[in-house]
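Side chains are part of it too, since the values below use all heavy atoms of this structure and drop only hydrogens, waters and symmetry mates. Model, not experiment: these values are computed from the prediction.
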Amino acid sequence: MSRRSLLRGTAAGAGAVTLPALLAACGEKPGGKKNEATMGSNSSDAVPKKAFQDAFDAYEKKTGKTVQVHTTEHNEFQQNITRCLRATPDDVFMWFAGYRMQYFAEKGLLVDNRDVWKGFSGFSQALKGQSTHAGKQYFVPYYYYPWAVFHRKSFFEKHGYEQAKNWGDFIALARTMHKDGIPVAFCDKDGWPAMGTFDYINLRLNGYDFHKALMAGEESWTDNKVKKVFDLWRELMPYYQKGALGRTWEEAGQGLQRRKTGMAVFGMPHPGQQFPADERDDIDFFAFPEIDSAYGQDAVEAPIDGFLIAKKAKNVDAGKGLLKWLGTPEAEEIYLKGDPNNVAVNDRADTSGYSALQKKSADLAGRRRFTFPLFAPGDGGSRSRARRTHVVRNPSGRPRVLPGHLVRAQAGDTEGQGLQTRFARRGPACPSACRSTHPSSGAADTAAPRPPRSGPVQQPCPSGTRRRGTKEP
């Protein structure tokens, strides 16, 4: 079972997805026009939506061709993307590198873009590797961003707070904030934000190699090393803001902007897109603290966003023409001018206009060992197609296995505190009768399963049911 399944039991339950919602991420028009590519966009927030449109407008002006953009709310897009790709998808769609891309490649849902890659320059071999599956390049990268502990510079200065370098200092900082009436920002309505904290604690406590093996299903989720991650995480729980299950990442970012919270483990765009342009210079961060000196801070979560072409695209040639443009330094520069909350992936992109935050982000990622991408790889592929179970530690400390729909009730998880006692174990694969699909996004399948129904009614996939939510990186 994937680590996403481990945590998503914290999300509020949701009903079945209706057909209109299910198909919301699919192409809205017949398509197939010779000089028009359709784009399935998950960038529903104002800042990235405009920045992408600026890049598409530049492409249209340069080539005389058109891009028809179909935008869907981010998490809804991700929850429905697999079914969409099997139905009537747009030609091109926004997605993520690495294992998230590979899941769709394994299913035969993507177009081979090796010919597109022949014309690229400025992409590292590491980026090419994250865009490749079974020797074929499918993904075209566009930008990346690191995860770290974000805060306002002025807020820290006002209260005399100092950036933490190790876990003890981090807990002491959270405790001091708590005494000052300032909580640590925390949200998990979307089902994925808490995963960044899990990843970092595991990376710092157990190391990059163990984390990578755990994500690949080569290590057990019931391993004592995983238990220790939650034991350590429990130290931070008392200082989180309450009501995490009802709070979106946008709302958590707004709390940071309004000085209602002191710091947050986030990706760079999450606070950035919630701050007015004239306040973004006040955003700062520090690398997630060291826990074990043997591993230090040598790993950074750095998701890579970009584009893929659907196998069922109506106009593959138009899609490839668009991707050839989007893979250029010029296209990246146009986007980043409108959304300075990310970092260019093309080495030839002009970075002279970077903000201080972008420069610091690029330096953070450049000096440390990447883990590509965030919430991977168990979030997609056959290994994540597992029967969902949760282990909840009872007061005696003995682990107890419970069905997913009982987790929240057993844990009394009205404030998100059940995260501290929840981890998953890999089980048998989904039964053949399961009709759910499993997109490889870290945001998909975030809701807790529905309670069992009586009678011969087909049950939802044990890996979780679908619901609407909000954005993931």
Contact summary for Tyr240 and Pro183, nearest pair of heavy atoms: C-CB, 4.1 Å
Closest contact, heavy atoms only, Val265 versus Gly196: CG1-C, 4.4 Å
N/O donor-acceptor pair under 3.5 Å between Asn346 side chain and Ser121 backbone: yes
Separation between CZ of Phe288 and CZ of Phe286, rounded to the nearest 0.5 Å: 9.0 Å
Polar side chain donor-acceptor pair, Gln78 to His74, under 3.5 angstrom: yes
Distance, nearest 0.5 Å, that separates CD of Gln273 from CD of Glu250: 8.5 Å
Parallel, tilted or perpendicular: rings of Tyr138 and His133 (30°, 60°): tilted
Validation row: Gln241, Lys260 side chains within 4.5 angstrom (heavy atoms): no
With Asp284, the salt bridge (charged side-chain N to carboxylate O under 4.0 Å, His left out) member among Lys360, Lys153, Arg152: Lys360
Backbone N/O of Ala331 and side chain of Thr328: donor-acceptor pair under 3.5 Å: yes
Residue pair Gly353 / Gln358: nearest heavy atoms and the distance that separates them: O-OE1, 4.4 Å
Parallel, tilted or perpendicular: rings of Phe150 and Phe285 (30°, 60°): tilted
Main-chain N/O of Lys242 paired to Arg247 side chain as donor or acceptor, under 3.5 Å: yes
Within-4.5 Å side-chain heavy-atom neighbours: Asp45 and Val47: no
Short side-chain to backbone donor-acceptor contact, Glu332 and Val345, under 3.5 Å: yes
Sidechain-backbone polar pair: Lys314 side chain, Asp91 backbone, donor-acceptor under 3.5 Å: no
Side chain to side chain contact (heavy atoms under 4.5 Å, CB included) assessment of Leu256 paired with Phe155: CA-CA 10 Å; Leu256 205 64; Phe155 196 73; over 6 Å; no
Donor-acceptor under 3.5 Å (Tyr200 side chain, Glu301 main chain): yes
Residues Asn342, Tyr335; criterion side chain to side chain contact (heavy atoms under 4.5 Å, CB included); working and verdict: CA-CA 9 Å; Asn342 298 283; Tyr335 177 86; 3.9 Å; yes
Side-chain heavy-atom pair Thr132, Trp117 within 4.5 angstrom cut-off: no
Donor-acceptor contact present, side-chain Asn113 to main-chain Gln137, <3.5 Å: no
Ring centre gap for Phe198 and Phe230 strictly below 6.0 Å: yes
N/O donor-acceptor pair under 3.5 Å between Trp249 side chain and Pro193 backbone: no
Ionic contact status for Lys50 with Asp54, cut-off 4.0 Å: yes
Arg204 versus Asp298, closest heavy-atom pair with distance: NH1-N, 4.3 Å
Separation of Tyr142 OH from Leu336 CG (nearest 0.5 Å): 7.5 Å
Considering all heavy atoms, the nearest Gly135-Arg114 contact: O-CD, 3.8 Å
Straight-line distance of Asn315 CG to Thr38 OG1, nearest 0.5 Å: 8.0 Å
Phe77 backbone acceptor or donor facing Asn42 side chain under 3.5 Å: no
4.5 Å side-chain heavy-atom contact, Leu110 and Phe139: no
Exercise: identify the closest heavy-atom pair between Thr248 and Glu251: N-OE1, 3.0 Å
Option among Arg280, Gln274, Glu279 that satisfies the side chain to side chain donor-acceptor pair (under 3.5 Å) test with Gln257: Glu279
Criterion side chain to side chain contact (heavy atoms under 4.5 Å, CB included) on Met94 and Asp305, from CA distance to verdict: CA-CA 7 Å; Met94 299 177 184; Asp305 291 8; over 6 Å; no
Distance (rounded to the nearest 0.5 Å) between Glu60 CD and Leu322 CG: 9.5 Å
Student check: side-chain heavy atoms of Thr82 and Leu85 closer than 4.5 Å: no
Straight-line distance of Tyr354 OH to Lys359 NZ, nearest 0.5 Å: 10.5 Å
